[in-house]
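All chains are named by letter (A, B, ...) in the order of the sequence lines, taking the proteins before the strands, and each is independently numbered beginning at 1.
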Amino acid sequence: MSIPSKYDASQVEDKWYDYWMKHDYFHSEPDEREPYTIVIPPPNVTGVLHMGHMLNNTIQDVLIRRARLQGKNACWVPGTDHASIATEAKVVAKLKEQGINKNDLTRDEFLKHAWDWTEEYGGVILEQLKKLGCSCDWQRTKFTMDEDMSEAVIKVFVDLYNKGLIYRGYRMVNWDPEAQTTLSDEEVNHVERTDKLYYVKYQIEGENEYVTIATTRPETILGDTAICVNPEDERFTHLKGKNVIVPICNRVVPIIQDSYVDVEFGTGCLKITPAHDVNDKEIGDRHNLEVIDVLNADGSLNSFGMHHEGKDRVVARKDVANELEKLGILTKVEDHTHKVGTSERTKAVIEPRLSDQWFLNMQDLVKPAIKAVLEDEDVKLFPKRFNNTYRHWMENIRDWNISRQLLWGQQIPAYYYGDGKNDFVVAENIEDAIKLANEKLAVTSSGVEKPITASDLRQDTDALDTWFSSWLWPISVFDGIRHPENKEINYYYPTNDLVTGPDILFFWVARMIVAGYEFRNKKPFNNVYLTGLVRDKQRRKMSKSLGNSPDALKLIEEYGADGVRVGLLLSSAAGNDLMFDEDLCQQGKAFANKIWNSFRLIKGWEVADISQPESSRVAIAWFESKFQETLATIEDHYGKYRISDVLMETYKLITNDFSSWLLEMVKPEYQKPIDSKTYNAVIAILENNLKLLHPFMPFLTEEIWQHITERTPEEALIVSKWPESKVIDTKLIKDFDFASEVISGIRTIRKQKNIAFKDAIEMSVLDSEKASRAFDSVITKLGNISELTYTDEKLEGALTFRVKSNEYFVPMQGSIDVEAEIKKLTEELNYTVGFLKSVQKKLSNERFVAGAPEQVVASEKKKEADALAKIETLKASLAGLE
RNA sequence: GGGUCAUUAACUCAGUUGGUUUAGAGUGUUACCUUGACAGGGUAGAAGUCACUGGUUCGAAUCCAGUAUGACCCACCA
């Protein structure tokens, strides 16, 4: 069989993915083995793969494949999130294109459209993950709106309501006028921008005097119900108890005093609009002020806007300002830079708005989750510094607004039966609701009227926040809410690792920990690996809006999934941002090709029943130790989630130790056969290398694995066994390092003198080091030394080089460039003398000798002795030349 | 306004509790060699006052304080 010299990923990747799928290697069922579980951070069902997904799913796949090789029962649960606000926005936009207005549709009609959309585009992203090589258990694919998942959400809502933790309240919430829904505090981003600050004077009732206030939002003047000053502010003491006239609407409102007002800011005089500002609302509550809401749900002014009614708030702002100017009471306009809340999803400017919403009281829920992370380290965050962020958020947590004025999501299971504020019941289904409603009526009303039936009940029209379903994800994918004692949840939960971006630490990670303790009394996962953001070369965040994110599938097409995976992981320390550069994928691709060709070389050898050369024997013994050393380092890195370090170690092992050294050492002469003992050992080594590499480059490694020899499906690499740790022969490794320096020396001389490798040379050694001779056969082979001899005295008229204090002589015919030799020796001497000085400086410092640990002093003395010995040989050589 | 993190070679990053050579890796770069594994491979080399200023110490890239620059997070000053 001839093997192509170029590795072609496109020919290989789909083949092996199908093969693994066909043999169910991604699928997991509970058994007696130790489980290793990851639940995927479910991407938006209608989303497409971007670089962030590629990064964190590659990491998850690395972890899961390694666990599988370690013989654990590896289970990676994939799925998607219904992402209520984002998906609904897309559906609404699509309907609009078709000339359909959402408001003309019934709830069921709209949901039908949304489901159609989900079925059409949903899951595209999961197909893309397959291209990346992700070994998810696809039989377990979940969607946050699956019937069982929704049931769990509803059950949890009812449970929390019955515990008194969920309540309905008329509160100031974040209103997104574009999506026309409320948002939780976490969904609001504060962005800096420069607006106008308008100074407006209000007339004091019955007097020809004015007070001036400053506002960025003149349109809300129409909702003013007071003017407020600081009671300490002497400039305004004379105004106490007086009223002012609100411009335009000419409402008479009181001047009140509250210490909230900052004397320094603006005019020191604050207009109070309780309906449109959180602080104003609080002040209003303290002073029993009227609340006048001037805005409609879409952000336009309502009838309180008078002749500005119907105008959008932004338009109205200018118009009102103009009107104020005409009235001659706009005294000043200046630029003002401040932070404005915007919607995370729609980017619309958020309006604080009073409305009836559902809230979850977080105060007590959060307690076990704080303890778990910060005190017990039951859940560990990587990198650890996120503990601080976590603490800050958790300790300052406020009640969670969980209702959304959306249709796409789990409908809130509250049923209203009357007009009163408390005429509702919360139940998992309508039957329970009827029962509960009747019970409640029997208690509250004296005369029993006719019993309530289904038609008397109206279900709350709001849906739940998306995160109210995804916070259950690690539990609900195993049906642990509905059936808390089922076999799966008991086996797979808590999961092992969670890999996600720090941007959803609050949205999701923290809330999952809360949910875990509340509903299972157990953490949802042991470790959280927070990846960095993927940035471009100019350090900009990769985002759709900037258009700087490369097309994931195109990258895979060009470099192969393995190449892209390697490219992404080559430089991504946990929690640090990743500067993505396509060149790294190119490096990944070249690496794949390199491994492919090393395999080609081995496969091309003819094997014969001949004796094993000493050089091969020792080379193999060395590599086996080197491999073990690397394996130990790798295990350590894995334990610390230093995934890119794992990859770099593996990369060096394969390109340096394996390809550049081992293969060169055991390579038979051209067109001569290799002995079977060496061949078999090299194959075994190659197989172990493939195992280390498989988590990173699953396709390439499986391809080579299957090329090495015929394998049954059970013998596939993906389900083979991770290499065992053995004792490391450190002496052998050290001896080899020494030998490799000798070989380097020979190569340097060959290069300087232009001696072709095919011309054998002699070499003799003055072995003051008493160096190990274990690798002499290797030195002879790789240096092409015809005769290696040990001598007691310097060899005149030869080229020399030194390793430590050993001297090596290569006799030369013809003249030697004495000048160059002297120069070289002098340079080396100077360096060594300089080095000696720095060591001696330390040693002559009494306080160092007295203060430093014995071990350190000893090592410094050894350095001194080594340097002195080397200087001696250098000086002697120089003297010989001159 | 509060907080977290970063700043080491041209680039991307290591450098673990201060002491294994006068700071490392991968990529890139330079010179030469090589067309019998390798969209290349090999060999050798160049390249860094470890952001800055002080301090602690026998000894600091590493610990402390401050400064500068950048990034991110949190926060209801109109």
Side-chain angles (χ1 to χ4, degrees), chain A residues 3 5-7 172 190 197 213-217 220 228 260-262 264-273 277-282 336 338-339 341 352 383 385-386 388-389 392-393 396 502-503 505-506 532-533 535 537 539 541 570-573 575-581 583-584 586-587 589-590 593-605 636 640 642 644-645 647-649 651-652 655 659-660 663-664 667 670-671 744 747-748 750-752 754 756-757 831-832 834-835 837-839 841-842 845-853 855-857 859-860 862-863 866-867:
Chain A
I3 307 169
S5 74
K6 288 176 188 174
Y7 171 70
M172 185 70 80
H190 292 90
L197 185 60
I213 57 92
T215 179
T216 51
R217 305 181 55 196
T220 63
C228 188
Y260 168 79
V261 179
D262 182 349
E264 304 291 319
F265 190 89
T267 61
C269 204
L270 176 65
K271 76 187 201 59
I272 304 295
T273 323
D277 186 283
V278 182
N279 298 308
D280 289 11
K281 175 68 168 54
E282 281 173 18
H336 178 61
H338 60 157
K339 298 261 184 133
R385 65 185 147 88
F386 281 105
N388 288 329
T389 319
H392 186 260
W393 189 72
N396 294 289
D503 48 334
L505 183 61
F506 305 139
L533 294 169
R535 299 174 172 277
K537 270 182 171 171
R539 296 198 164 259
K541 221 192 245 185
L570 268 176
S571 75
S572 63
N576 282 349
D577 288 356
L578 164 75
M579 299 317 136
F580 181 74
D581 185 342
D583 288 352
L584 289 172
Q586 181 54 43
Q587 197 185 332
K589 189 179 173 178
N593 201 54
K594 170 120 188 141
I595 299 161
W596 178 251
N597 276 289
S598 67
F599 160 70
R600 242 180 93 214
L601 171 71
I602 296 166
K603 206 59 189 166
W605 289 334
D636 182 54
K640 294 169 180 159
R642 304 181 61 137
S644 52
D645 289 328
L647 176 58
M648 189 47 87
E649 281 298 321
Y651 180 89
K652 284 195 281 189
T655 54
S659 296
S660 295
L663 291 183
E664 291 302 325
K667 208 185 228 177
Y670 183 56
Q671 289 197 329
S744 256
R747 285 169 172 165
T748 308
R750 284 183 172 278
K751 192 186 151 199
Q752 281 170 348
N754 244 327
F757 180 76
Y831 174 88
T832 315
F835 173 64
K837 255 191 201 161
S838 81
V839 173
K841 193 175 151 199
K842 256 190 213 175
N845 184 335
E846 274 173 44
R847 281 184 299 179
F848 169 74
V849 182
Q855 217 184 332
V856 176
V857 179
S859 102
E860 290 300 313
K862 170 91 169 48
K863 282 188 213 165
D866 287 352

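Residue contacts shown for A:Lys339 include a base, since a base heavy atom lies under 4.0 Å away. Across all strands shown, A:Ser659 has heavy atoms under 4.0 Å from base atoms, whether or not it also approaches the sugar-phosphate. Looking at heavy-atom distances under 4.0 Å, A:Glu860 makes no contact with the nucleic acid at all. Residue contacts shown for A:Tyr831 include a base, since a base heavy atom lies under 4.0 Å away. A:Gly604 comes within 4.0 angstrom of no nucleic acid atom, judged by non-hydrogen atoms across all strands. Residue contacts shown for A:Lys667 include a base, since a base heavy atom lies under 4.0 Å away. Across all strands shown, A:Val261 has heavy atoms under 4.0 Å from base atoms, whether or not it also approaches the sugar-phosphate. Across all strands shown, A:Lys271 has no heavy atoms under 4.0 Å from either base or sugar-phosphate atoms.
The separation between A:Phe848 atom CZ and B:A60 atom P is 12 Å, rounded to whole Å. Atom CG of A:Leu584 is separated from atom P of B:U12 by 10 Å (rounded to the nearest Å). Whole-Å rounding puts the A:Phe386 CZ to B:C5 P distance at 11 Å. Whole-Å rounding puts the A:Asp503 CG to B:C73 P distance at 9 Å. Across the protein-nucleic acid pair, A:Arg535 atom CZ and B:A6 atom P stand 15 Å apart, rounded to whole Å. Distance, A:Asp277 CG to B:A78 P: 9 Å, rounded to whole Å. B:C73 atom P lies 17 Å from atom CG of A:Asn396, rounded to whole Å. Following rounding to the nearest Å, A:Gln587 (CD) and B:A25 (P) show an atom-to-atom distance of 15 Å.
Here the separation of B:C63 from B:C5, taken at their P atoms, is 12 Å to the nearest Å. Taking atom P on both nucleotides, B:A61 is separated from B:C52 by 11 Å, rounded to a whole Å. Distance check on atom P: B:G15 versus B:A51 gives 14 Å, rounded to whole Å. Of the C1' atoms belonging to B:G3 and B:U8, the separation is 26 Å, rounded to the nearest Å. Annotation: B:C50 and B:U4 have their P atoms spaced 26 Å apart (nearest Å). A distance of about 47 Å separates the C1' atoms of B:G2 and B:A46, rounded to the whole Å. Nucleotides B:U16 and B:C64 have their P atoms positioned 14 Å apart, rounded to a whole Å. Only the C1' atoms considered, B:G48 is 15 Å distant from B:A14, to the nearest whole Å.
When distances run from any side-chain atom of A:Phe506 to the nucleotides B:C73, B:A31, B:G26, the shortest one goes to B:C73. Among B:U20, B:A78, B:C38, the nucleotide with an atom closest to any side-chain atom of A:Lys863 is B:U20. Of the candidates B:C76, B:A78, B:C38, B:C76 carries the atom nearest the A:His190 side chain, counting heavy atoms from C-beta on. Of the candidates B:C5, B:C76, B:C13, the closest approach to any side-chain atom of A:Arg385 belongs to B:C5. The A:Lys652 side chain lies nearest to B:G26 when the options are B:G26, B:U43, B:A71. Side-chain atoms of A:Asn593 lie closest to B:C38 of the nucleotides B:C58, B:A78, B:C38. The side chain of A:Leu663 approaches B:A37 more closely than any other nucleotide in the set B:A78, B:A37, B:U43. Taking every side-chain heavy atom of A:Asp262 into account, B:A78 is the closest of B:A78, B:U43, B:G41.
Dashed line: the shortest gap from a side-chain N or O of A:Tyr651 to OP1 or OP2 of B:A25 is not under 4.0 Å. A:His392 has no side-chain polar atom (N or O) that falls below the 4.0 Å cut-off from OP1 or OP2 of B:C73. In this model, the phosphate group of B:A78 is approached by a side-chain N or O of A:His338 to a distance below 4.0 Å at OP1 or OP2. The shortest distance between the side-chain N/O atoms of A:Ser744 and the OP1/OP2 oxygens of B:A44 is below 4.0 Å. Taking only side-chain nitrogens and oxygens, A:Arg642 comes nearer than 4.0 Å to OP1 or OP2 of B:G15. Listed pair A:Ser660 / B:G42 meets the phosphate criterion, a side-chain N or O lying under 4.0 Å from OP1 or OP2. One finds no side-chain N or O of A:Arg600 lying less than 4.0 angstrom from the OP1 or OP2 phosphate oxygen of B:A37. Contact annotation: A:Ser598 side-chain N/O to B:C38 OP1/OP2 distance is not under 4.0 Å.
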For the pair A:Lys640 and A:Asp636, evaluate salt bridge (Lys or Arg N to Asp or Glu O under 4.0 Å) and give the outcome as yes or no after the intermediate values. CA-CA 7 Å; A:Lys640 294 169 180 159; A:Asp636 182 54; 3.2 Å; yes
Mind running side chain to side chain contact (heavy atoms under 4.5 Å, CB included) on A:Lys594 and A:Phe599 for me, showing each step along the way? CA-CA 9 Å; A:Lys594 170 120 188 141; A:Phe599 160 70; over 6 Å; no
Could you walk me through whether A:Phe848 and A:Glu860 satisfy the side chain to side chain contact (heavy atoms under 4.5 Å, CB included) test, starting with their C-alpha distance in whole Å, then the side-chain angles of each, then the deciding distance to 0.1 Å, before giving a yes or no? CA-CA 11 Å; A:Phe848 169 74; A:Glu860 290 300 313; 3.8 Å; yes
Could you walk me through whether A:Arg217 and A:Thr220 pass the side chain to side chain contact (heavy atoms under 4.5 Å, CB included) test, one step at a time? CA-CA 6 Å; A:Arg217 305 181 55 196; A:Thr220 63; 3.7 Å; yes
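Of all heavy-atom pairs between A:Val261 and A:Gly268, the closest is CG1-O, 3.5 Å. Taking all atoms of both residues into account, the shortest heavy-atom contact from A:Arg600 to A:Ser5 is NH1-CB, 2.8 Å. Closest approach of A:Asn593 and A:Tyr7 over heavy atoms only: OD1-N, 3.0 Å.
Applying the Watson-Crick and G-U wobble criteria (two distances, each under 3.5 Å), B:U49 pairs with nothing in any strand. With a 3.5 Å ceiling on both atom-pair distances, the Watson-Crick or G-U wobble partner of B:C63 is B:G55. With a 3.5 Å ceiling on both atom-pair distances, the Watson-Crick or G-U wobble partner of B:U7 is B:A68. Partner assigned to B:A25 is B:U12, using Watson-Crick or G-U wobble distances below 3.5 angstrom. Across the strands present, B:U20 finds no partner; the criterion is a Watson-Crick or G-U wobble pair with both atom distances under 3.5 angstrom. B:A37 makes up no base pair with any nucleotide shown, lacking Watson-Crick or G-U wobble contacts both under 3.5 Å. With a cut-off of 3.5 Å on both Watson-Crick or G-U wobble distances, the partner of B:A31 is given as B:U43.
Here A:Lys281 does not pair with A:Asp277 in a salt bridge; the nearest charged N to carboxylate O distance is not below 4.0 Å.
Mapped onto RNA chain B by nearest heavy atom, A:Leu578 and A:Lys594 fall at different nucleotides, with A:Leu578 at the one closer to the 5' end. Nearest-nucleotide assignment on RNA chain B puts the 5′-proximal partner with A:Glu664, out of A:Glu664 and A:Glu282.
Ring geometry for A:Trp393 against A:Phe506 counts as parallel: the plane angle stays under 30°, on a 0 to 90° scale with 60° as the upper cut.
Side-chain contact check for A:Leu663 versus A:Ile602: some heavy-atom pair is nearer than 4.5 Å.
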